[in-house]
Amino acid sequence: MCQTVPTHLDQYFQLACDTTIEGLRKGTGGPFGATLVRNGEVICAVGNTVLEQTDISGHAEMVAVRQGCKKLDTLDLSDCVMYATCEPCPMCVAVMMWAGIKTCYYASSHRDAAAHGFSDQHLRDYLDGSDKSAFDMIHVTQGREDCQAIWDEFTRLSAKP
């Protein structure tokens, strides 16, 4: 969905942009940033930390969710809104959905990112089923009683008063 963001929300994008440019200049992150907001209060404004942390999952939205959960001491960010400088990749969409975030405004598209050498099209193609050659998912159905024991233990521990 494409829409114009009301100008009073410009500050959230600007915070993400400022943090991102700072990270680019320091060499700690790539050209992606995000601001997490709850009820008009900025929870965090972050840039990508992939380079700084040597962590491929250090995408800005992922970092914002991690910081937001920690700062708010909850795994439920359903009352938060994300403002991302670029369209989130499938991993970041997934983590936002796991956290309960229902709205993410973004500026640049994944095609803009691809034009600058940051393509996630292989992920999108895999997830939509159009190209399963990029990754093998193998369901092991026999002889994994040890894995079933984890569920049994979880059920046992969850049943305690």
Side-chain angles (χ1 to χ4, degrees), residues 1 12 16 19-20 23-24 26-39 41-106 108-114 116-161:
M1 175 177 10
Y12 304 140
T19 303
T20 302
L24 284 171
K26 289 180 180 176
T28 58
F32 306 96
T35 302
L36 185 65
V37 177
R38 180 172 77 174
N39 300 323
E41 176 191 349
V42 173
I43 304 305
C44 61
V46 301
N48 170 305
T49 63
V50 169
L51 300 175
E52 179 181 34
Q53 301 292 322
T54 318
D55 177 2
I56 199 69
S57 71
H59 295 196
E61 301 87 351
M62 183 79 79
V63 173
V65 166
R66 288 175 184 151
Q67 287 188 16
C69 287
K70 189 170 192 157
K71 182 175 181 178
L72 299 173
D73 193 29
T74 183
L75 299 176
D76 179 6
L77 301 179
S78 59
D79 56 354
C80 294
V81 175
M82 187 74 73
Y83 299 85
T85 62
C86 189
E87 182 178 357
C89 74
M91 174 184 69
C92 292
V93 169
V95 81
M96 286 187 280
M97 290 175 71
W98 276 111
I101 296 170
K102 304 217 181 341
T103 303
C104 176
Y105 294 97
Y106 67 92
S108 301
S109 73
H110 73 276
R111 288 178 184 83
D112 297 324
H116 290 88
F118 295 92
S119 179
D120 64 2
Q121 194 59 50
H122 62 297
L123 298 173
R124 294 174 188 279
D125 292 345
Y126 178 82
L127 293 171
D128 75 9
S130 63
D131 182 6
K132 292 296 186 182
S133 69
F135 188 71
D136 290 328
M137 289 278 285
I138 302 166
H139 183 191
V140 179
T141 60
Q142 299 293 318
R144 293 286 30 110
E145 291 79 15
D146 51 351
C147 296
Q148 179 57 45
I150 294 169
W151 292 114
D152 297 341
E153 184 68 4
F154 173 77
T155 300
R156 186 184 70 75
L157 292 171
S158 298
K160 287 188 173 183

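The chain is numbered in sequence order, starting from 1.
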S.K.: Do any pairs count as a ring pair (Phe, Tyr, Trp, His ring centres under 6.0 Å) and have a residue in residues 130-161, sequence neighbours left out, and if so which ones?
M.R.: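 Matches after skipping sequence neighbours: Tyr126-Phe135.
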S.K.: From Leu51 CG over to Lys26 NZ, what is the distance, rounded to the nearest 0.5 angstrom?
M.R.: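 NZ of Lys26 is found 13.5 Å from CG of Leu51.
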S.K.: Side chains of Thr49 and Arg66: donor-acceptor distance under 3.5 Å anywhere?
M.R.: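 The answer is no; no qualifying pair exists.
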S.K.: How far apart are the closest heavy atoms of Pro90 and Leu123, and which atoms are they?
M.R.: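 In this case the closest contact between Pro90 and Leu123 is CG-CB, 4.0 Å.
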S.K.: Restricting to non-hydrogen atoms, name the atom on Val63 and the atom on Gly58 that form the minimum distance, rounded to 0.1 Å.
M.R.: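 Shortest heavy-atom contact: CG2-O, 3.6 Å.
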S.K.: Below 4.5 Å, heavy atoms only, C-beta onward: do Pro31 and His116 meet side chain to side chain?
M.R.: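 No; the side chains remain at least 4.5 Å from each other.
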S.K.: Please report the shortest heavy-atom distance between Arg124 and Pro88, naming the atom on each side.
M.R.: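 That would be NH2-O, 3.2 Å.
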S.K.: So which atom in Ala60 and which in Ala34 form the shortest heavy-atom distance, rounded to 0.1 Å?
M.R.: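 Nearest heavy atoms, Ala60 then Ala34: CB-N, 3.7 Å.
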S.K.: Does Lys132, at its NZ atom, have more than 12 non-hydrogen atoms belonging to other residues, nucleotides or ligands within less than 6.0 Å?
M.R.: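 Yes, NZ of Lys132 has more than 12 neighbouring heavy atoms, counting only those of other groups under 6.0 Å.
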S.K.: Sub-3.5 Å donor-acceptor pair from the side chain of Ser130 to the main-chain atoms of Asp125, do we have one?
M.R.: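 Present.
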S.K.: Would Tyr12 and Tyr105 count as a close aromatic pair, with their ring centres under 6.0 Å?
M.R.: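 Between Tyr12 and Tyr105, the centre distance exceeds or equals 6.0 Å.
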S.K.: So do the side chains of Ile43 and Leu77 get within less than 4.5 Å of each other, counting heavy atoms only?
M.R.: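 No, too far: nothing below the 4.5 Å cut-off.
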S.K.: So, the side chain of Thr35 versus the backbone of Tyr83: is there a donor-acceptor pair under 3.5 Å, distance only?
M.R.: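 No, because the side chain of Thr35 does not come within donor-acceptor range (under 3.5 Å) of the backbone of Tyr83.
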S.K.: Looking at Cys80 and Leu36, what are the two nearest heavy atoms and their distance?
M.R.: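 That closest heavy-atom pairing would be CB-CD1, 3.6 Å.
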S.K.: Whether the side chain of Glu87 engages the backbone of Ser109 through a donor-acceptor N/O pair (distance < 3.5 Å, no angle test) should be reported.
M.R.: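 Flag not set: sc Glu87 to bb Ser109 has no pair under 3.5 Å.
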S.K.: Using the rule given for side chain to side chain donor-acceptor pair (under 3.5 Å), can you reason through Asp76 versus Ser78, listing the C-alpha separation, both sets of side-chain angles and the distance that settles it, and then say yes or no?
M.R.: CA-CA 6 Å; Asp76 179 6; Ser78 59; 2.7 Å; yes
S.K.: When rounded to the nearest 0.5 angstrom, what is the spacing between OG in Ser119 and CZ in Arg111?
M.R.: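 Ser119 OG to Arg111 CZ: 10.0 Å, rounded to 0.5 Å.
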S.K.: Hey, what do you get for SG (Cys44) to CE (Met82), rounding to the nearest 0.5 Å?
M.R.: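 Interatomic distance, Cys44 SG to Met82 CE, rounded to 0.5 Å: 7.0 Å.
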S.K.: Is the shortest distance from a Lys or Arg side-chain nitrogen in Lys71 or Asp73 to a carboxylate oxygen in the other one below 4.0 Å?
M.R.: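 Salt bridge flag = no for Asp73 with Lys71.
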S.K.: Would you find a donor on one side and an acceptor on the other, under 3.5 Å apart, between the side chain of Thr85 and the backbone of Phe32?
M.R.: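 Looks like no, no N/O pair under 3.5 Å.
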S.K.: Looking only at heavy atoms, which two atoms of Cys92 and Glu61 are closest? And how far apart?
M.R.: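 Looks like SG-OE1, 3.3 Å.
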S.K.: Distance check, rounded to the nearest 0.5 Å: Leu75 atom CG versus Lys70 atom NZ?
M.R.: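 Reported to 0.5 Å precision, the distance equals 12.5 Å.
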S.K.: Find the distance between CE (Met91) and CG (Leu127) and round it off to the nearest 0.5 Å.
M.R.: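 The distance works out to 12.0 Å.
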S.K.: Working to the nearest 0.5 angstrom, can you tell me the gap between Asn48 CG and Asp55 CG?
M.R.: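 Going from CG on Asn48 over to CG on Asp55, the span is 9.5 Å.
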S.K.: Considering residues, nucleotides and ligands other than Ile56, do more than 12 of their heavy atoms fall under 6.0 Å from its CD1?
M.R.: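 No, not enclosed.
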